[in-house]
Each structure stands twice: as structure tokens, then as C-alpha cells.
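What follows is a short report on a single structure.
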Amino acid sequence: VNAGQVDAVRAVLQQAFEEGGPPQWVARQVRDVVGLTTNQTSRYDKFVTKLEDEEVDAEEVAARAEKFAGALVKQRADTIARTELLDASNAGQIEAWHQAREDDLIRTQEVQKEWMITDDDRLDQEICEPMDGQRRRLDAPFKTGDGREIQRPTAHPRCRCTMRLIYGR
């Protein structure tokens, strides 16, 4: 992702928050500014090579390859939209808690943030599952299942985790 793409995605996200745009709308907007990742490009190349090895007609290869590339870009845009919207939402939540602390609405020594997973078949068992229920002071980082320290969700692309505020210890 280059700086221009980051700025474009940031502008789309800002508009979505201001106007209430859902993830699908964000993904459609992002699709126009992102390309394929290195991994996706490799998948695309393998797809085309497989068709050519099967001696599929050149026009058919081109048509199917274009459709496949479009699906990959759509998938990437959806991943970016969902991840960045949830990341921004969690960042806003942390900021709200910090503002509440500054306004003496909560006392730092009386509250903790707690990591919450979405426990279903899409849960990342290596990174997120070990974090379920972790509690930290507002300014202290969580420790991911792969050993990284992060202040808030999201922990990886398509992460659907969130946090809550816990009173008492």
C-alpha cells in the first residue's frame, strides 16, 4: 500500500463515519484505489498458469483471469474496509475512555479494559483466542497470542475482536 492509497482509504473511512456508510459501501469505494497483494498476485499467476496448462482458449483464459482478479480485489477491499472500520471504532472507544478519565468520570485505578473475541468458526485461534478475557489498565498493552503487544483491537486483518470497560478488579 502506497501513501496515496493510504490517504484515499482514510478519506473513504472518514466519509463513512461522518455519513454512516456501511462496510459494503466502504469496500466498493476502496476497490477503486487498491490493487492485489503480493500473495494475491501469486495466486492470480498460478490460476492463469493452470488454465494455460489445461490448454484453455486464450480468450477464455483472459476472461476468467479478469474475473478472478476482480474477485481478489473485491476480497482485499472488503478486508480493508471491515478491518479499518473496526480498528477506527476501537480507537474511538479508547479515546472516549481517556476523555472520561480526564473529565474525572472514571478513575484509572478502578477500571480495566478487557479483550473480547467473537467466538465462532472464523476466530483466529493463534492470535485472538488466547487474548479472550485479558484485562489491562487503560494505558497498558494487550499481549497477542503471537507475542505482540497492542493497545486495542484489531490484531490482524479481518479481526472482529473488541473491548469493554471493567469496573473493579
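Keep in mind it's a predicted model, so treat the numbers as computed, not measured.
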request  = Not counting sequence neighbours, which residues clear side-chain hydrogen bond (donor to acceptor under 3.5 Å, both in side chains) with E84? List them please.
outcome  =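 Here no residue qualifies.
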
ask   = Sequence neighbours excluded, which residues qualify as side-chain hydrogen bond (donor to acceptor under 3.5 Å, both in side chains) partners of D146?
value =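 D146 satisfies side-chain hydrogen bond (donor to acceptor under 3.5 Å, both in side chains) with T144, R148 only.
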
With [X], which residues qualify under salt bridge (charged side-chain N to carboxylate O under 4.0 Å, His left out), at least two apart?
X    : result
R43  : none
D132 : none
R160 : D120

Is there a donor-acceptor pair under 3.5 Å between the side chain of [X] and the backbone N or O of [Y]?
X    : Y    : value
R101 : I106 : no
T79  : P157 : no
Q40  : L72  : yes

query = Taking C-beta and beyond as the side chain, do I150 and K143 meet within less than 4.5 Å on heavy atoms?
reply = no

query = Given side chains that start at C-beta, do those of E129 and D124 come closer than 4.5 Å, heavy atoms only?
reply = no

ask   = Under the salt bridge (charged side-chain N to carboxylate O under 4.0 Å, His left out) criterion, do D53 and K50 qualify, and how do the steps go?
value = CA-CA 5 Å; D53 289 348; K50 181 178 180 269; over 6 Å; no

ask   = How close do L138 and K113 get, heavy atom to heavy atom, and via which atoms?
value = O-NZ, 3.2 Å

task = Identify the two heavy atoms, one from P22 and one from L85, that lie closest to each other, and give their separation to 0.1 Å.
result =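 Minimum heavy-atom contact is C-CD1, 4.5 Å.
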
ask   = Atom CD1 in I94, atom CD in Q151: separation rounded to 0.5 Å?
value =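 Here the interatomic distance stands at 7.0 Å.
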
inquiry  = Measuring from atom CD of Q15 to atom CZ of R10, what distance do you get when rounded to the nearest 0.5 angstrom?
reply    =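 Interatomic distance, Q15 CD to R10 CZ, rounded to 0.5 Å: 15.5 Å.
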
inquiry  = Between E114 and R164, does any NZ, NE, NH1 or NH2 come within less than 4.0 Å of an OD or OE carboxylate oxygen?
reply    =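 Yes, R164 and E114 are salt-bridged.
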
Charged N-O contact under 4.0 Å between K74 and D78 = no

Pairs involving residues 3-47, ordered by first then second residue, that meet ring pair (Phe, Tyr, Trp, His ring centres under 6.0 Å) (sequence neighbours left out) =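 Applying ring pair (Phe, Tyr, Trp, His ring centres under 6.0 Å) to every pair that reaches into residues 3-47, excluding sequence neighbours, yields F47-F68.
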
